[in-house]
Structure formats: structure tokens, C-alpha cells
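If you're wondering where the values come from, they're calculated on a predicted model, not measured in any experiment. In what follows, every chain begins at residue 1, and chains take the letters A, B, ... in the order their sequences are listed. Excluded from the calculations below are hydrogen atoms, water molecules and symmetry mates; all remaining heavy atoms, backbone and side chain alike, are included.
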Amino acid sequence: MSKFKAARGTEDLLPERVPLYNFVHESCRAVLERFGYAEIRTPLFEETRLFSRSLGETTDIVEKEMFTCQRGDTSVTFRPEATAGVVRAYLEHNLHKSKKFQKFYYIGPMFRFERPQAARQRQFEQIGIEAIGSHDPRLDAEVIELGARLLEGLGLKDFEVRINSIGDREDRDRYREALTAFIRPKLEEYCEDCRRRFERNVFRVLDCKQRGCVALNKDAPAFLDHLGEASLAHFDELRSSLEALGREFQVDPAIVRGLDYYTHTVFEFKMPSLGARNTIIGGGRYNHLVEELGGPEIPAIGFSLGVTGTLLAMEKQGLCEAHLGWRECPIYLVSPGEADRPSAFVLAQELRASGLCADLDYEGKSLKAQMRTAHRRGASLVLILGEDERSRGVVLVRDMRSSVQEEFPLDGDLQVELRRILAEPLQAEEEGSGGDS
RNA sequence: GUGGCUGUAGCUCAGUUGGUAAGAGCACCCGACUGUGGAUCGGGAGGUCGGGGGUUCAAGUCCCCUCAGCCACCCCA
């Protein structure tokens with residue numbers, strides 16, 4: 001046990017697992033770019049004010065989950081989510097002036113000071129998008145379709161798309177009033193958490209899982225009944241657009257989302273197989289955020305995909321194994337004796353310079369042990385360069401796949417030969433020159 | 001932040017009411033008449049039993065604290 005451990009809620013990504021992340025990144029990148037999204041990279045930390053302003057002062061994230069760093073009178077916070085930073089960059093560089101409508105995507109770590117749990121860490125990775133500059137409900141549908149395509153691209157199938165509309169400010173105010181009026185008389189009957197939610201964010205009461213509260217909520221007024229005409233029309237168009245795409249979805253009134261900036265369309269992608277923490281994509285429209293951060297009135301929509309949860313879902317479905325394991329060098333150089341090492345050392349550099357991937361022993365292992373290492377590392381070819389070979393100006397190439405070995409001149413075009421053999425394994429010849437099996 | 005469970009070699013785990021129990025499998029290293037991998041066999045290294053304190057003649061085994069992970073909440077990707 002070493003003296004130090006990774007800080008709570010963080011983890012090391014060992015080489016074995018890195019290719020899995022690369023696969024997820026590459027797969028998503030391809031889909032995102034096919035949908036016309038361009039990558040943007042914003043700083044990992046921003047001025048603290050940016051988050052408290054955009055997320056809402058009373059949200060849990062701002063109140064207790066921010067990684068904040070105070071130095072003198074400057075306060076910065078490691079980003080708990082990416083939307084605020086992207087919108088800030090969009091405005092700071094006046095992107096809206098040259099090309100108002102823009103689609104961005106990002107991949108990177110986010111930070112929240114929470115109690116860790118599976119699929120919930122203090123540093124976690126999100127892949128997300130922001131489409132800024134349009135209020136077209138077809139864009140909402142496209143964004144949801146994009147989320148589904150991302151998951152499908154990774155091989156996931158059994159996710160549920162849940163959508164809802166929380167309307168615009170006036171709709172929310174109207175509904176909040178109705179809901180408050182409905183709950184207030186029975187407030188004492190609700191659970192402790194709900195009584196707190198009632199004060200902070202009354203919509204969340206609808207999301208309670210306590211049996212008593214679920215029963216009490218049964219006859220609660222529905223948000224959709226309180227949407228104004230324009231909001232309702234937007235939501236209807238979203239639904240018909242999704243239907244036009246053949247994308248299955250459910251309208252779920254319980255989806256209210258935690259952040260203040262959401263308006264109209266909100267949605268989540270759930271993996272029922274994951275248990276309690278089963279939302280792997282969450283997002284929605286935020287038509288006033290750009291304005292609140294000091295820009296003109298520009299509507300936008302976005303979502304983010306939690307990579308950790310997505311990987312958990314992939315693991316459950318056996319989609320990860322194929323992407324595990326670091327790809328070792330296909331060529332391994334073996335030195336029979338101590339005196340043979342310098343020439344292997346030089347030959348390795350030459351092969352690498354020619355673009356081949358080659359490696360060799362640096363632990364002073366015996367010939368046998370070097371062979372074992374080559375085998376374990378999955379080398380396709382072993383190059384044996386001993387005193388005998390050197391004196392004759394050749395190198396012995398053993399094909400580990402077919403167990404056939406053959407000599408090749410050192411001064412010939414060795415790298416060309418090696419490429420050929422890698423593509424087409426050595427086969428035993430009729431007068432077999434040393435194959436065994 | 002709240003409640004519960006867990007923490008023994010690199011990995012997965014076993015350790016009877018506290019008393020030669022610090023062990024197994026896999027992995028690893030070395031070897032099997034000395035220029036060759038994968039099978040088999042033999043040998044070996046590796047753990048202050050998460051950390052600290054306490055009870056006791058004696059603690060991996062009991063108590064307290066602490067750290068970390070997991071599960072469920074709060075909340076959320």
C-alpha cells in the first residue's frame with residue numbers, strides 16, 4: 001500500500017482502460033461531426049460568478065458542490081458543467097455577431113464536490129453539445145435524436161427517451177402558483193424532503209419516490225395543462241418532429257431538471273438497468289441564459305452525456321471488453337546473450353524510424369524469459385539477433401502466430417519484409433526451415 | 001450532507017467462540033541436461049490483515065476514531 005491515494009472521488013485511468021475511453025470519444029466525435037457540431041474547448045475553471053449566475057444561486061451545485069479556489073480577491077471554480085463556459089465563450093468572442101447560429105460540442109472533465117458513489121465522482125467526464133441561436137422545435141428534435149445516435153453508436157439500445165416541457169417563465173410562474181396551491185393544504189402530509197422541496201423548488205415535489213408523496217401527487221395539476229399557447233405549440237411540434245424521425249419517446253411530467261436556466265423542452269435518457277443513478281443524458285432548452293450572461297436575447301438548447309454512467313451501461317451489456325487492453329508492439333527483439341544487446345538496441349531504433357512498432361527487453365532477462373515476454377505481450381514477430389546471425393549479416397524472424405521462422409539479410413530491405421510478414425504470416429515450407437508446433 | 005454495508009498478498013477471496021492462520025487460486029519471477037514463447041511439473045518472491053488508538057497474558061478476529069470504496073437518500077452526468 002503506497003503512502004498516497006488518488007484524492008477522494010477521483011480515479012486513475014490505467015493503460016488497460018484508456019482505449020475504451022478513446023473508443024467512446026472517437027465514436028461520439030464521428031456522430032457529433034456528422035450532425036454539424038464543432039468542437040470547442042473552454043477552460044477547466046471559470047470565474048465563480050459565472051456559475052452562480054447561470055446555474056442559479058440556490059441550486060445544490062452552487063450551494064454545496066462547487067470546487068472553488070480563492071486567491072486574494074479572485075475566486076475561480078472548476079466547472080461543474082460546461083454550458084456556462086461555452087455560452088461565455090460564444091459571447092466573449094462575439095460569435096453571435098458573425099454567425100448567430102452555431103453548434104458546439106465538448107468532451108472533457110467536470111468537477112462537483114459530492115459524496116462519491118458508482119458513476120458519481122468528483123471528477124467526471126461529460127460529452128455534450130450546445131446549439132445556440134435558434135428556437136426551432138425541429139432543432140430540439142434533432143438534438144434529442146443526436147443523443148440517441150450517440151448511445152446507439154456505442155452499441156447501447158435499451159435506453160428510454162423522456163421528454164417534457166417546463167414552458168417559459170410565465171408558464172412556470174402560472175404552474176408554480178397552481179402547484180403550490182394544490183400542495184399547500186396537504187403540506188403536513190408530505191415527507192420531510194418534500195416540505196423542503198416545497199420551499200426551494202416546488203416542482204421537485206413531483207419527483208419524490210416516497211409512496212405517500214406519490215399518492216398525494218396523483219391528482220396534482222399537470223404542467224402541460226398550464227402551458228401557454230406558444231409553449232404548447234413548441235412542444236407539439238417537437239413531438240411531431242420526433243415522430244417524423246421515428247424516434248420513440250415518452251412524455252414524463254416528472255422531468256423538471258435541477259438548473260435554473262432551463263425553459264421549454266427538457267429531456268433525459270435513462271437506462272433502466274442502471275439502478276438509482278440511471279440518467280445518462282440530461283439536457284434541455286435554455287432560451288434566456290445567453291441574455292442573462294450579458295448577451296442579446298438568443299435561444300439555445302443543449303445536453304450532456306455522462307461518460308461514467310454510459311460506460312457502466314456498456315459494461316452491463318458486454319460492450320466494453322472488445323475495447324480493453326493496450327495494443328502492444330507487434331515486433332519484439334530478442335537478444336540471446338548480453339553481447340547481443342547493443343545491436344538489438346540499434347536495430348529497434350531503426351525499425352521505429354521506419355515507422356514500425358518495435359520493443360525489446362530492458363530487464364536483462366534470459367533468452368527464454370525474453371521469448372515469454374514477447375509471447376505475453378502478444379508480439380506477432382520476434383527478431384532474434386545473436387552472434388551467429390550478426391556474423392552472417394542476417395536476422396532470424398520468428399512468426400509467433402505460425403511458429404515458423406526464417407532468416408532475412410540485415411542489409412536488405414528488412415522493414416519492407418517485416419511489413420509483408422505482418423500482413424501475411426510466415427507459412428511452413430515443404431522443406432520447412434525450422435518451424436515447430 | 002444523511003443512513004447502511006465493506007476494506008486480508010498485484011487480482012478474486014478463505015481465515016471456526018480472540019490463542020502457532022497469515023493462507024488458497026490466478027497472476028508474477030526463476031528453473032526442468034544451457035539459442036527460443038504458448039502445455040505440464042518444480043521452486044521462489046510478495047501482506048506492518050486500509051490507518052491510528054484501546055481492551056486483553058494474547059486481536060485479522062472485540063471497542064472507539066479515521067480514511068477509502070460500495071448501496072440507498074439529498075441532488076445529479
Using whole Å, report how far CZ of A/Phe113 lies from P of B/A77.
19 Å

Rounded to whole Å, please give me the gap between CD in A/Glu389 and C1' in B/G35.
8 Å

Integer-rounded Å distance: B/G1 P and A/Lys64 NZ
10 Å

Regarding the side chain of A/Leu396, the nearest nucleotide among B/U36, B/C70, B/C28 is B/U36

Using whole Å, report how far CZ of A/Arg376 lies from P of B/G37.
12 Å

From NE2 of A/His375 across to C1' of B/G37 the rounded distance in Å is 6 Å

Value in whole Å for how far the P atom of B/A77 lies from OH of A/Tyr106
10 Å

Residue met sooner reading RNA chain B from 5', once A/Arg196 and A/Val307 are mapped to nucleotides:
A/Arg196

Contact between A/Ile163 and A/Ile144 at the side-chain level, heavy atoms closer than 4.5 Å - yes or no?
yes

A/Asp361 side chain to A/Glu363 backbone, donor-acceptor under 3.5 Å:
yes

Counting a pair only when it is Watson-Crick or G-U and both distances are under 3.5 Å, which runs of at least 3 such pairs involve RNA chain B?
B:1-7 with B:67-73, B:10-13 with B:23-26, B:28-32 with B:40-44, B:50-54 with B:62-66

Relative to the ring of A/Phe303, is the ring of A/Phe269 parallel (under 30°), tilted (30 to 60°) or perpendicular (over 60°)?
tilted

What nucleotide, of B/U2, B/U36, B/C74, holds the atom closest to the side chain of A/Arg120?
B/C74

Could you check how far CE of A/Met271 sits from P of B/C76, rounded to whole Å?
21 Å

Length of the NZ-C1' vector between A/Lys368 and B/A39, whole Å
12 Å

